[in-house]
Amino acid sequence: MLLFKGTKFVILPNRNASSLKFLAELLVKEGGMLVNEEKEIDCDTIVLINDSFITNTNTIMKNELFFKEFDLDPSTVWNNVNTYKLKCVRATCISEWLRKSSFQINPELVLSVEDNLEDNSEDHSGVKFVTHSATPLYNYDLITAKLLKNSEKAARQIPEVYSSSQNKSENSELAGKSMETEVSNKMGEEVKRTVDISQTTSVPKGNEKLIQALGRLAKRYEMKGDQFRARGYKLARIGIEQYPFKIESGAQAQEEISNVGASIAKKIQTLLDNGSLPGLQELFESEKRVDYFTRCHDIGIYTAKKWEIMGLKSFSEACTIFPEDFTRDWPILFGWSYYEDWLKPIRRDECEKLASVVQQELHLIDPQMKVEILGSYHRGAEKCGDIDLFFYKAGCDDISEIGRIMEDLSISLYRKGYVQCFLQLTRKIYKAFNKIIINRLEKCHLKTTPTLQYTARDDNPRKFMLGVKLPDKEKRQFESITFVDNYKLKPEDMFMSLNSDRSPCRRMDFFCCKYSELGAARLQWIGPKEFNRWIRLKAMHNGLKLTQHGLYDNHNVLLESFDEQRIFQLLNEDYISPSERNHVVKKRRKV
DNA sequence: AGGCTGTACTG
DNA sequence: CAGTAC
DNA sequence: GCCT
DNA sequence: AGATG
DNA sequence: CATCT
């Protein structure tokens, strides 16, 4: 009962877009054939168009990009499409057909191939494609376009100067010494630290809309698999978030804010003029569905999109269509079960309490071991997304010894009821924890064969990812937190929930390093991500390489790994204290 | 044009 | 190797 | 997407 | 940034 | 020095 047996398909513009890869697999699994060469196309071939090239009026965006992305020769292929009058449908029709188990091309699915006059593609002016001419495919007048952009570049001057990180060296001494003593000194009570006020950057009214729009565009390109374009939008958004003035024009934004270029400036202008950007509202529903999935641990953009394309809206639906996804990548079950808890922010005092529990237990196992809270906590955040615990032992460069200690530690914390779940397995962890996995599988009615066995590593991981919570008697003081962002499971997914408002489960990570790599490792795990990227880029531009293991020269010779300050020095940077690392800072261009 | 952090873990 | 995560 |  | 005009 | 890649 192969649905597509004997049918030929061609995917345009190509089949490599991440979402289409799995559709192509499904197609072949159901007996369909994919065209690999121009000449294989015949009059019965079905043309599948990547949905991102289909406008909301069900026509194909025949713009420059569309043809440039072709795997095969665009002109040959497109001429075939026209001469044979091949049927063109959205690529996602495949999922529709599979779900209904019926392969029928209803007339309303067929996309119009005719050149239409209006071109509402938001990013490129149209390409006129002449079907019977074999010659130039793109007569897009780049020169005209460029000239236009330059002429509209009216110079605008903004008198005030804002500085994104002015106050260096102000409390760097605090940060320096806080390292050693962060956890070691009776964490329960005081651990007062000056929290960086400038972190509370209030965004000027009016910029919110721009920020939201850029975020949405970023997500869209992320979903399309274009990580770098997505990053372009993300960086521009960060720039606007930190920009203290109201944005009045696209040109102003481009001049004042780094990572805002011509294209984003234009979109900003449109947004300011019209209050909206064409094509931004339409995809919103599917974006929200993808978003729902990706907030779950171990569901990334790939799986989320796969599910979304198949029309799935909930984990329980996904569970019936793609049971292997859950049985194979079992941590998803815990991401699902603790979906809401793991999206709740954690107050600093709870971080400290949990860390002190860990520290006490650690002391029983090996009194020489040290533990520090790094991550957003160390950067002074009032609310943390997770708790990053960092282990090391003075003089000890044996990572597998520390790994074993972390393993034992996590297991005893599991036995004592603090650890709720593990998100990866070792042999020992498997023995202790296997039954809970089975329990979760059964809860969502996935078959658990008696032979079901997960592979556990033989060596010791340097990294543990856990779900932890405080026992009921200790949690009281942390209750009344008001959550601004409260992400909810959909009702049909609630039956798996292990969430608890009174005593939420928390994400906790264990990391470790060789003692000789203390500085580089701290640098990494203090973060944040944007700071790490920035400083590593800086290292790279100096011909060096920075990792959690150290700073290396171009011959991979270690320059420094123990002394954090020295790493800054070697990179020609003043020391930046942890809380200052929150405002990562691409220099504003021009001064 | 060509780069966009660098690594660990899993299947 | 790709997908996910830090 | 933006930057060099 | 490097190449090119 | 501007523009292209």
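These values consider heavy atoms only, across backbone and side chains, with no hydrogens, waters or symmetry-generated copies. Protein chains get the first letters and strands the later ones, always in sequence-line order, with residue 1 at the start of each. Please read these numbers as outputs of a predicted model, since none were measured by experiment.
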Atom-to-atom span, [atom1] of [X] to [atom2] of [N] - whole angstrom:
X: A:F326; N: B:dT10; atom1: CZ; atom2: C1'; result: 17 Å
X: A:E407; N: B:dC9; atom1: CD; atom2: C1'; result: 15 Å
X: A:D325; N: B:dT10; atom1: CG; atom2: C1'; result: 14 Å
X: A:Q227; N: B:dG3; atom1: CD; atom2: C1'; result: 11 Å
X: A:K514; N: B:dT7; atom1: NZ; atom2: P; result: 14 Å
X: A:I238; N: D:dG1; atom1: CD1; atom2: C1'; result: 13 Å
X: A:D226; N: B:dG3; atom1: CG; atom2: P; result: 15 Å
X: A:M540; N: B:dG2; atom1: CE; atom2: C1'; result: 12 Å

A:L523 near the nucleic acid: base, sugar-phosphate alone, or nothing, with a heavy-atom cut-off under 4.0 Å?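 No contact.
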NA contact type, A:K545, heavy-atom cut-off 4.0 Å: base, sugar-phosphate, or nothing?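 Since only primed, P, OP1 and OP2 atoms lie under 4.0 Å of A:K545, the category is sugar-phosphate.
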Out of [options], which has the shortest distance to the side chain of [X]?
X: A:R462; options: B:dA8, B:dC4, D:dG1; value: B:dA8
X: A:R533; options: B:dT5, B:dC9, D:dC3; value: B:dT5
X: A:K267; options: B:dA8, D:dG1, B:dT5; value: D:dG1
X: A:F228; options: D:dG1, B:dG11, D:dC3; value: D:dG1

Are any of [X]'s side-chain N or O atoms less than 4.0 Å away from OP1 or OP2 of [N]?
X: A:R229; N: D:dG1; answer: yes
X: A:H549; N: B:dA8; answer: yes
X: A:R536; N: B:dT7; answer: no

Tell me whether the rings of A:W330 and A:F334 are parallel (<30°), tilted (30 to 60°) or perpendicular (>60°).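 Perpendicular: the ring planes of A:W330 and A:F334 meet at over 60°.
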Take the angle between the ring planes of A:Y221 and A:Y233 and call it parallel below 30°, perpendicular above 60°, tilted in between.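 Parallel, since the angle between the ring planes stays under 30°.
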Summarise how protein sits on nucleotides 1-6 of chain C as a single string, 5' to 3': B when a protein heavy atom is under 4.0 Å from the base, S for sugar-phosphate-only contact, - for no contact. --SSBS
Roughly how far apart, to the nearest Å, are [N] and [M] at atom [atom1]?
N: B:dT5; M: F:dC1; atom1: C1'; value: 35 Å
N: B:dG2; M: F:dC4; atom1: C1'; value: 13 Å
N: B:dA8; M: D:dG1; atom1: P; value: 35 Å

Just checking A:K393: does its NZ atom have more than 12 heavy atoms from other residues, nucleotides or ligands closer to it than 6.0 angstrom?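 Check passes, neighbour count above 12.
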So with a 6.0 Å cut-off around CZ of A:R427, is the heavy-atom count from everything else above 12?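 At most 12 heavy atoms, drawn from other residues, nucleotides or ligands, come within 6.0 Å of this atom.
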Which pairs count as salt bridge (Lys or Arg N to Asp or Glu O under 4.0 Å) when at least one residue sits in residues 293-307 of chain A, sequence neighbours excluded?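 Matches after skipping sequence neighbours: A:D291-A:R295, A:K306-A:D325.
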Do the side-chain N and O atoms of A:E580 and A:S577 include a donor-acceptor pair separated by under 3.5 angstrom?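 Side chains of A:E580 and A:S577: pair found under 3.5 Å.
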Backbone of A:D386 reached by a side-chain donor or acceptor of A:R506 within 3.5 Å: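 Side chain of A:R506 to backbone of A:D386: no pair is present.
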Is the side chain of A:E287 donor-acceptor paired with the backbone N or O of A:K219 at a distance under 3.5 Å, no angle test?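 No: the side chain of A:E287 does not pair with the backbone of A:K219.
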